[in-house]
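Both backbone and side-chain heavy atoms feed into the values below; hydrogens, waters and symmetry mates do not. Heads up: numbering here begins at 1 and tracks the sequence. Predicted model only: the values in this text are computed from it and were never measured.
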Amino acid sequence: MSIPAVDVVLATGEVSALSAQNDFPAVVREVRSVPAGHEGAGDFLVTVETESGHRLLAAVTPRAVDRLKLAPEVSVRCIFKAHACRILG
């Protein structure tokens, strides 16, 4: 299964009343900028790891990195809609 990074939402604190039903606790493992010349240049790719050990990638803006204080070891909620999931193979 694949979930596009642009379809993954990160949140800090409690989350309620969303239409997205996939909401997992996770920990940030890496925050890296998208290099110039690539789609999304200037934004960030955040790697998170769920409690079950699955890793997901989230594409976020610099403002989101600052506002959520995203950095390695920060606890977040990883949220996505079921329609974002793609079956591989």
Closest non-hydrogen contact found for Leu88 with Ser2 is CD2-CB, 3.8 Å

Transitively linked via ILVMFWY side-chain contacts under 4.5 Å: Ile79 with Val74? no

Hey, any chance Val34 and Val31 share a hydrophobic cluster, counting ILVMFWY side chains that come within less than 4.5 Å of each other, even indirectly? no

Contact check, side chains of Asp23 and Leu18, non-hydrogen atoms, under 4.5 Å: no

So for atom CZ, which belongs to Arg29, do other residues, nucleotides or ligands contribute more than 12 heavy atoms lying within a distance under 6.0 Å? yes

Locate the shortest heavy-atom distance separating His54 from Ser52; write the atom from each residue and the value. ND1-OG, 2.8 Å

Is there side-chain contact between Val76 and Leu68, with heavy atoms separated by less than 4.5 Å? no

Does one hydrophobic cluster hold both Val60 and Leu45, with members joined at side-chain heavy-atom distances below 4.5 Å? no

Is there side-chain contact between Pro72 and Glu30, with at least one heavy-atom pair below 4.5 Å? no

Taking a hydrophobic cluster as the set of Ile, Leu, Val, Met, Phe, Trp and Tyr residues connected by side-chain heavy atoms closer than 4.5 Å, whether directly or through intermediates, do Leu70 and Val8 fall within one such cluster? yes

When every non-hydrogen atom of Cys85 is compared with those of Phe80, the smallest separation belongs to SG-CE1, 3.6 Å

Side chain of Gln21, backbone of Ser19: donor and acceptor closer than 3.5 Å? yes

Just wondering, do Ser33 and Asp43 contact through their side chains at under 4.5 Å, heavy atoms? no

In Å and rounded to the nearest 0.5 Å, what is the CG to CG distance from Asn22 to Asp7? 11.5 Å

Determine the minimum heavy-atom distance between Cys78 and Leu10, stating which atoms define it. CA-CD2, 4.3 Å

Non-hydrogen atoms of Ala41 and Ala36 that approach each other most closely: CB-CA, 3.9 Å

Count I, L, V, M, F, W, Y as connected when their side-chain heavy atoms are under 4.5 Å apart, and connections chain through other members. Are Val9 and Val46 then in the same cluster? no

To check you understand the geometry: which heavy-atom pair defines the closest contact between Leu57 and Arg32, and what is its length? CD1-NH2, 4.3 Å

